[in-house]
Number of protein chains: 2
Amino acid sequence: MMTLRSTPTAPIDEDRLDLVFKALSDRTRRQMLAMLSRGSATVSELAAPFDMSLPAASKHLKVLENAQLVIRTKSGRVQTCTFQPDPMAHADQWLEHYRVFWNNRLESLKSYLEDKDSDT
Amino acid sequence: MMTLRSTPTAPIDEDRLDLVFKALSDRTRRQMLAMLSRGSATVSELAAPFDMSLPAASKHLKVLENAQLVIRTKSGRVQTCTFQPDPMAHADQWLEHYRVFWNNRLESLKSYLEDKDSDT
DNA sequence: GCAATGGTTAACCAAAGGGTTTAGTGTTTT
DNA sequence: AAAACACTAAACCCTTTGGTTAACCATTGC
C-alpha cells in the first residue's frame with residue numbers, strides 16, 4: 001500500500017526525522033523515554049533520577065514533546081507525560097531500508113558459527 | 001545469543017548511541033548514507049549533490065565516521081567512503097525495546113507487559 | 001617542474017544545545 | 001490569607017554545530 005503523501009521524501013518527513021533522531025541522541029532523554037515506556041509520569045518524577053535542575057529536565061521534556069514522542073496533559077498543577085510511539089515508528093521505518101545490511105551480516109555470522117561448530 | 005558485554009547499559013553503549021542518533025539527526029548525513037547504501041563513493045561524489053562547500057560536506061562525513069557509520073580508505077589522493085552498518089544495528093536494537101508499542105499494538109503490548117512483570 | 005585535482009586544516013561566524021540561577025504563575029494545602 | 005508545591009519563563013553561560021572562506025598538503029598529469 002502506498003503512502004498518501006504526494007512525495008515519499010517530502011521535507012516534512014525529513015523534518016520529523018530530524019526531530020526524532022535529535023531527541024533520541026541524548027541519553028537523558030532516552031532514559032526518560034525508558035521510564036515513560038513503563039508508564040506515564042509527572043515532570044518531577046521524570047526529573048528526579050537526574051543530577052540536574054528541574055528546568056534542565058523540563059527542557060529535555062520539551063525536546064521530546066517537540067518530536068511528539070511525549071504528550072503532556074495538565075491536571076491541576078501536575079503535568080502527566082505520556083509516551084507517544086508514532087515518531088519512533090517513523091524512525092524505525094527509515095531504518096528498515098538499511099536493515100538488510102546487518103541482517104545479511106548476522107546471517108553470515110550464523111553460517112560461520114555453524115561451520116565452526118561442525119568442525120569441533 | 002547473549003552479548004559479551006558485562007553490563008548491557010554501560011556508558012560506552014550510551015556514548016555510541018549518542019553518536020549514532022546524532023549522526024542520523026541531520027538530513028544531509030542521512031542522504032549521504034542513502035548514497036553509500038547504494039555503493040561506496042569518494043568524498044567529492046558524496047559532496048556533489050549538496051548545495052554546500054566541500055569542507056562542509058567533509059565535516060558531515062567526519063560526523064558519520066565518528067559514529068563509525070562510514071569508514072574511509074585512502075588510495076592516492078582519493079578517499080573512498082564505505083557504509084558500515086554496525087552502529088545502525090545498535091540503534092535498531094535500542095529501538096527494538098519500543099517496537100512493541102507500534103507493532104501489533106495490543107498483542108505485543110500484552111506480551112511486553114508480561115515480560116516486564118516476569119522481570120520483577 | 002608546474003599546474004590541476006582531491007581533500008583537509010584553520011579561522012571565523014551565527015545559531016542551537018545543555019546547563020545554571022532567579023523569578024514568576026498557577027494550584028493546592030493548611 | 002499565607003505557605004508550600006509543581007512547574008514554566010527568562011536571562012545568562014559556555015560548548016557544539018553547521019556553515020563559510022582562505023590557505024595548505026598531497027598526488028597525479030602534462
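Numbered from 1 within each chain, the chains take letters A, B, ... in sequence-line order.
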In terms of the nearest nucleotide of DNA chain C, which residue is placed more toward the 5' end: A:Lys74 or A:Asp26? A:Asp26

Assert: residue with more 5' nearest nucleotide on DNA chain C, out of A:Ser75 and A:Ser25, is A:Ser25

Spacing between [X] atom [atom1] and [N] atom [atom2], to the nearest angstrom:
X       : N      : atom1 : atom2 : result
B:Leu61 : D:dT17 : CG    : P     : 16 Å
B:His60 : D:dT20 : NE2   : C1'   : 12 Å
B:Asp51 : D:dT20 : CG    : C1'   : 12 Å
A:Phe21 : C:dG17 : CZ    : C1'   : 19 Å
B:Arg30 : D:dG18 : CZ    : C1'   : 15 Å
B:Met52 : D:dG18 : CE    : P     : 10 Å

Is the shortest heavy-atom distance from the side chain of A:Cys81 to the side chain of A:Leu46 under 4.5 Å? yes

What string of B, S and - do you get for nucleotides 5-16 of chain D 5' to 3' if you count protein non-hydrogen atoms under 4.0 Å? BSBSB-B-----

Is there a chain of hydrophobic side chains (I, L, V, M, F, W, Y, each step under 4.5 Å between heavy atoms) that links B:Phe21 to A:Leu36?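 Linked within one cluster.
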
Determine the sole option in A:Thr82, A:Val63, A:Thr80, A:Leu64 for which the side chain to side chain contact (heavy atoms under 4.5 Å, CB included) test with A:Val70 is passed. A:Leu64

What's the separation between atom OH in A:Tyr98 and atom CG in B:Leu33, rounded to the nearest 0.5 Å? 5.5 Å

Please report the C-alpha distance between B:Met52 and B:Thr28 in whole Å, then the side-chain angles of each, then the deciding distance to 0.1 Å, and finally whether the side-chain contact (heavy atoms from CB on, under 4.5 Å) criterion is met. CA-CA 10 Å; B:Met52 63 178 68; B:Thr28 298; 3.8 Å; yes

At under 4.0 Å, does any side-chain N or O of B:Ser53 touch on OP1 or OP2 of D:dT20? yes

Checking side-chain contact (heavy atoms from CB on, under 4.5 Å) for the pair A:Arg27/B:Asp13: CA distance, chi angles, key distance, verdict? CA-CA 10 Å; A:Arg27 73 195 61 190; B:Asp13 283 352; over 6 Å; no

Given D:dG18, C:dG19, D:dT20, identify the nucleotide with an atom nearest to the side chain of B:Arg29.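 It is D:dG18.
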
